*Asks:* 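Just passing along the structure, written as structure tokens.
Letters A, B, ... are given to chains in the order of the sequence lines, protein chains preceding strands, and every chain is numbered from 1. Treat the numbers as computed from the prediction; the structure is a model and nothing was measured.
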Number of protein chains: 2
Amino acid sequence: MAIDPYSHTPVYVQLADLIRARIESGELAPGASVGSEMALSQEHGIGRDAVRMAIALLRSEGLVTTSRPMGTRVRETPQRRRVEIPPGGSVIARMPSGRERRSLQLDEGVPVLEVHGPDGDVEVLAADEVELTRPA
Amino acid sequence: MAIDPYSHTPVYVQLADLIRARIESGELAPGASVGSEMALSQEHGIGRDAVRMAIALLRSEGLVTTSRPMGTRVRETPQRRRVEIPPGGSVIARMPSGRERRSLQLDEGVPVLEVHGPDGDVEVLAADEVELTRPA
DNA sequence: AACAATTTGTCCGTATGTATT
DNA sequence: CAATACATACGGACAAATTGT
């Protein structure tokens, strides 16, 4: 299970796949460190750039967060609370713009929900905190 | 309207903001090229790293896609079709895993919707193609 | 089919700043 | 205060992929 520099899939995608698998299997639990850039670079025999792009990719998927100087850790995802879609309303999911993300203080890789009420009112919610429901 | 290397906001964020504004204003229409890394680097007098980080950010927001050797272009977002949430069902929005993204042929920065029916059936949809609705 | 041009992917080196331990 | 590790930023260089000719 090593990284193949001759593969057609970019090295940074391979590394991201590798780490993602470790997270999804539970081998890397929430809060666990995925290792420093230097360590990952040396362990896998790849360059800094590739490591940074792999981590950026995982960040953009909301799987990890990185801080200084603790490095990159598996993100702890919040519990989802139930939100009922209003009758006659609609919802779209999308990525927040830069300004939105900063003003809502969202981690990278967290989509938002635009909840439209029947009267034209709009609410923007962090998508990873919400489970949309419709009663039977 | 130039990039200020002395600003507190990072150069790459400034460039991303700049390009994002051009996309949102329609100056850069879907399908249009945002320019090669080299070109952007020279035009704005910044390093290629900064350009790459800016573009990676926009990719993670689902605003652009990049390929070789065509460079980075404004993403064409599909029309949203209406999908009704089943009575007694629920929906969560999240980022797709790498495998999911590839199998669904999703661009970076596109969330998915997990639509759960009342009988435990699950459907995964590209979030940017869908508008969830609940009848009044 | 073969080739050239373009552009990103990836590597390396260096440097400074900043936040946390 | 020192050490650590990342964030940001610049530079150069070659490899690889895909387009178009």
Side-chain angles (χ1 to χ4, degrees), chain A residues 2-19 28 31-60 63-76 98 101-102 105 107-109, chain B residues 2-19 28 31-60 63-76 98 101-102 105 107-109:
Chain A
I3 284 177
D4 174 16
Y6 300 105
S7 163
H8 293 268
T9 62
V11 170
Y12 78 93
V13 175
Q14 291 183 57
L15 177 58
D17 287 347
L18 220 152
I19 298 175
L28 283 173
S33 169
V34 307
S36 75
E37 291 178 355
M38 269 303 237
L40 289 170
S41 172
Q42 291 177 350
E43 279 167 28
H44 297 95
I46 63 179
R48 247 182 19 243
D49 286 13
V51 173
R52 287 178 63 75
M53 292 194 69
I55 290 175
L57 190 56
L58 295 172
R59 256 202 313 268
S60 85
L63 287 177
V64 301
T65 54
T66 122
S67 59
R68 277 178 300 188
M70 321 187 21
T72 300
R73 299 172 166 281
V74 181
R75 191 161 156 269
E76 335 217 359
R101 193 176 63 239
R102 289 189 279 267
Q105 292 189 295
D107 281 330
E108 250 181 77
Chain B
I3 284 178
D4 173 15
Y6 300 105
S7 163
H8 292 280
T9 63
V11 170
Y12 78 94
V13 174
Q14 292 182 57
L15 177 58
D17 287 345
L18 218 153
I19 297 174
L28 283 173
S33 169
V34 307
S36 74
E37 294 175 355
M38 268 308 235
L40 290 170
S41 170
Q42 290 176 350
E43 279 166 27
H44 297 94
I46 63 180
R48 193 180 162 206
D49 279 14
V51 174
R52 286 177 65 76
M53 291 188 68
I55 289 175
L57 194 55
L58 296 173
R59 256 201 315 266
S60 84
L63 287 177
V64 300
T65 55
T66 122
S67 61
R68 247 179 327 184
M70 331 218 344
T72 301
R73 316 177 95 84
V74 180
R75 206 167 140 260
E76 334 216 1
R101 194 176 61 240
R102 287 191 277 271
Q105 292 189 296
D107 285 326
E108 238 186 279

*Asks:* Measure from the side-chain N and O atoms of A:Arg73 to the backbone N and O of A:Gly31, and report whether any donor-acceptor pair falls under 3.5 Å.
*Replies:* yes

*Asks:* Mind listing the closest non-hydrogen atom pair of B:Ala54 and B:Tyr12 along with its distance?
*Replies:* CB-O, 3.3 Å

*Asks:* Apply side-chain contact (heavy atoms from CB on, under 4.5 Å) to residues B:Leu58 and B:Val34 and explain how you reach the verdict.
*Replies:* CA-CA 11 Å; B:Leu58 296 173; B:Val34 307; over 6 Å; no

*Asks:* So, the side chain of A:Ser67 versus the backbone of A:Met70: is there a donor-acceptor pair under 3.5 Å, distance only?
*Replies:* no

*Asks:* Taking the side chain from A:Ser60 and the backbone from A:Gly109, do they hold a donor-acceptor pair closer than 3.5 Å?
*Replies:* no

*Asks:* May I ask you to say whether A:Arg52 pairs ionically with B:Asp49, meaning some side-chain N is under 4.0 Å from a carboxylate O?
*Replies:* no

*Asks:* Below 3.5 Å, does any donor atom in the side chain of B:Arg68 face an acceptor in the base of C:dT7, or the other way round?
*Replies:* no

*Asks:* Using heavy-atom distances to pick each residue's nearest nucleotide on DNA chain D, tell me which of A:Gly35 and A:Tyr6 is more 5'.
*Replies:* A:Gly35

*Asks:* For D:dC1, give its Watson-Crick or G-U wobble partner with both distances under 3.5 Å, or none.
*Replies:* none

*Asks:* Rounded to the nearest angstrom, tell me the gap between atom CE in B:Met38 and atom C1' in C:dG9.
*Replies:* 14 Å

*Asks:* Look up atom OG1 in B:Thr72 and atom CD1 in B:Ile19, then write down how far apart they are to the nearest 0.5 Å.
*Replies:* 8.5 Å

*Asks:* Write down the distance between NE2 (B:His8) and C1' (C:dG17), rounded to a whole number of angstrom.
*Replies:* 12 Å

*Asks:* Looking at B:Glu37 and B:Val51, would you say the former's side chain and the latter's main chain have a donor-acceptor pair under 3.5 Å?
*Replies:* no

*Asks:* Between the protein and nucleotides 10-12 of chain C, which nitrogen or oxygen pairs come in under 3.5 angstrom?
*Replies:*
from: C:dT10; atom 1: OP1; to: A:Val11; atom 2: N; distance (Å): 2.3
from: C:dT10; atom 1: O4; to: B:Arg48; atom 2: NH1; distance (Å): 3.0
from: C:dC11; atom 1: OP1; to: A:Gly47; atom 2: N; distance (Å): 3.1
from: C:dC11; atom 1: OP2; to: A:Gly47; atom 2: N; distance (Å): 2.9
from: C:dC11; atom 1: O5'; to: A:Gly47; atom 2: N; distance (Å): 3.2
from: C:dC11; atom 1: N4; to: A:Asp49; atom 2: OD2; distance (Å): 2.9

*Asks:* Over all strands shown, is B:Thr72 touching base, sugar-phosphate only, or nothing at heavy-atom distances under 4.0 angstrom?
*Replies:* sugar-phosphate

*Asks:* Mind checking which nucleotides bracket the chain B contacts on DNA chain D, 5' to 3', with an atom under 4.0 Å from a heavy atom?
*Replies:* D:dT8 to D:dT19

